[in-house]
**Q** 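Dropping a structure here in structure tokens format, bear with me for questions.
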Number of protein chains: 2
Amino acid sequence: MAASRRDALPTSEQFAVWRAYIQTAEILRARVQARLQADSNLSDGDYKVLLALSEADGSALRSSELAAIIEWERSRMSGHLGRMEKRGLVRRERHDEDARGSRVVLTGEGARAFRASMIPHLEAVKGIFVDAFTDVQLDEIDDTTTALRTHLGLPPMSGRSRA
Amino acid sequence: MAASRRDALPTSEQFAVWRAYIQTAEILRARVQARLQADSNLSDGDYKVLLALSEADGSALRSSELAAIIEWERSRMSGHLGRMEKRGLVRRERHDEDARGSRVVLTGEGARAFRASMIPHLEAVKGIFVDAFTDVQLDEIDDTTTALRTHLGLPPMSGRSRA
DNA sequence: GGTGTGTAATTGACATGTAAATCATGTCAG
DNA sequence: CTGACATGATTTACATGTCAATTACACACC
């Protein structure tokens with residue numbers, strides 16, 4: 001008995017799809033994160049920060065630029081950078097031109113940690129996520145993710161568009 | 001340029017599918033959670049606990065049973081129950097037969113909060129998630145989620161199996 | 001030069017998550 | 001009985017996330 005598209009409430013089947021989807025995605029995230037942590041002693045957040053800094057001109061960015069790239073709150077970035085600085089992955093320097101902002105600089109140790117983490121991280125994504133599916137299923141995921149992003153008003157980021 | 005199934009690393013297209021999938025799922029979770037919080041002042045965790053207790057015999061469960069149902073660490077459950085107890089949503093009683101365990105009991109206030117939250121929450125899931133897709137796409141999500149759960153060694157929880 | 005306003009970033013207070021250690025109780029071999 | 005071990009749950013320590021308040025500086029206008 002298919003429910004009308006206009007019903008305000010989901011059918012129990014639809015709700016079950018939601019529950020399975022969201023719970024599975026959570027577990028997936030946790031597994032990949034755990035591998036990154038075990039292989040490279042980096043959290044997901046660490047990885048994003050290191051990635052952004054690696055790609056930045058001079059391996060340095062202002063904290064707010066970093067926050068904008070990663071789409072984090074500034075306060076979240078602030079706390080995270082504090083922890084990363086304590087571990088020697090980044091360094092914060094006073095910004096000469098505008099002393100309100102600080103320059104976040106990738107340290108040699110940070111760059112080394114990031115380089116060492118990349119291959120294992122990609123392998124983990126392959127083994128944990130990609131290998132679960134057939135090529136057709138991966139395309140379906142691409143489609144449904146795109147549909148969802150459109151519905152949510154998010155910019156597209158399809159994998160197929162770059163093929 | 002399809003990559004062999006056996007390559008250790010994902011293609012850039014495959015990796016893009018991963019990034020889109022995981023990022024979109026996060027945003028989705030955050031949106032539904034925000035609605036639940038705004039409508040009912042409950043977190044996702046609160047809702048899960050209340051749901052499990054509501055369905056339980058006598059509106060009570062042992063803490064470890066609750067943890068097993070929701071698939072949480074026991075320590076996580078412990079901390080969460082502490083916060084929920086402070087807000088009057090649940091109560092912990094000494095278990096008579098086995099004094100190691102405690103009985104987690106749904107309070108009247110907890111039951112009321114849960115009942116009040118259900119309809120808005122279902123509406124949110126419908127509007128934010130279900131309505132993004134065609135029926136065919138929802139079936140595809142069900143399929144790919146099932147494939148992923150199998151790959152991850154998780155028990156199945158398909159929406160179609162209950163249709 | 002001061003003073004108000006905006007902006008960059010940090011701080012503080014809390015909720016949430018994970019892992020390891022601890023505590024209390026139960027169970028069972030001897 | 002009793003001592004070793006198993007089990008249920010909490011505690012502790014810390015990482016992570018959000019929000020509101022605060023600090024430090026820049027800049028424009030008088």
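Side chains included, hydrogens not; waters and symmetry mates left out as well; all remaining heavy atoms used. Below, read A as the first sequence line, B as the second, and so on, with proteins coming before strands; counting in each chain starts at 1.
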**Q** Please check this pair: side chain of B:Glu85 against backbone of B:Arg92, looking for a donor-acceptor N/O pair closer than 3.5 Å.
**A** yes
**Q** B:Arg62 near the nucleic acid: base, sugar-phosphate alone, or nothing, with a heavy-atom cut-off under 4.0 Å?
**A** sugar-phosphate
**Q** Please determine whether residues A:Ile119 and A:Leu36 belong to a single hydrophobic cluster, defined as Ile, Leu, Val, Met, Phe, Trp and Tyr linked transitively by side-chain heavy-atom distances below 4.5 Å.
**A** no
**Q** Just to confirm, is there a sub-4.0 Å distance from OP1 or OP2 of D:dG8 to any side-chain nitrogen or oxygen of B:Ser63?
**A** no
**Q** Regarding B:Arg87, tell me which of base, sugar-phosphate or nothing describes its non-hydrogen contacts under 4.0 Å with the strands shown.
**A** nothing
**Q** Starting at atom CD of A:Glu26, determine the distance to atom C1' of C:dT18, rounded to an integer number of angstrom.
**A** 14 Å
**Q** Quick one: is B:Ser75 getting a side-chain N or O under 4.0 Å of the D:dT11 phosphate, OP1 or OP2?
**A** no
**Q** Rounded to the nearest angstrom, tell me the gap between atom CE in B:Met84 and atom C1' in C:dA15.
**A** 13 Å
**Q** Just the rounded figure in Å: distance from C1' of D:dA15 to CZ of A:Arg29.
**A** 13 Å
**Q** Below the 4.0 Å mark, does D:dA15 have OP1 or OP2 next to a side-chain nitrogen or oxygen of A:Arg83?
**A** no
**Q** With nearest nucleotides of DNA chain C determined for B:Arg76 and A:Gly79 from heavy-atom distances, which residue corresponds to the more 5′ nucleotide?
**A** A:Gly79
**Q** Using the side-chain heavy atoms of B:Glu73, tell me which of these nucleotides is nearest: C:dA19, C:dA9, D:dT16.
**A** C:dA19
**Q** Kindly say if A:Ser43 contacts the phosphate of D:dT16, meaning a side-chain N or O under 4.0 Å from OP1 or OP2.
**A** yes
**Q** Between P on C:dA19 and CG on A:Asn41, what's the gap in Å once rounded to a whole number?
**A** 14 Å
**Q** To the nearest Å, give me how far apart CG (A:Leu66) and P (C:dA9) are.
**A** 10 Å
**Q** Counting any heavy atom closer than 4.0 Å, what does A:Ser64 reach on the DNA or RNA strands: base, sugar-phosphate only, or nothing?
**A** sugar-phosphate
**Q** Quick one: A:His95 NE2 to C:dA8 P, roughly how many Å, whole number?
**A** 11 Å
**Q** Let me know the distance between CZ of A:Arg74 and P of D:dT22, rounded to the nearest Å.
**A** 17 Å
**Q** If you find the nucleotide of DNA chain D closest to A:Arg100 and the one closest to A:Asp44, which residue's nucleotide is nearer the 5' end?
**A** A:Asp44
**Q** With nearest nucleotide decided by heavy atoms, which residue, B:Arg103 or A:Trp72, maps closer to the 5′ end of DNA chain D?
**A** B:Arg103
**Q** Is there a chain of hydrophobic side chains (I, L, V, M, F, W, Y, each step under 4.5 Å between heavy atoms) that links B:Trp18 to B:Leu148?
**A** yes
**Q** For B:Arg94 and C:dC23, give me the distance from atom CZ to atom C1', rounded to whole Å.
**A** 13 Å
**Q** Does the side chain of B:Met84 come within less than 4.5 Å of B:Val90's, by heavy atoms?
**A** yes
**Q** Closer than 3.5 angstrom, by distance alone: can the side chain of B:Ser117 be matched with the main-chain N or O of B:Phe114 as a donor-acceptor pair?
**A** yes
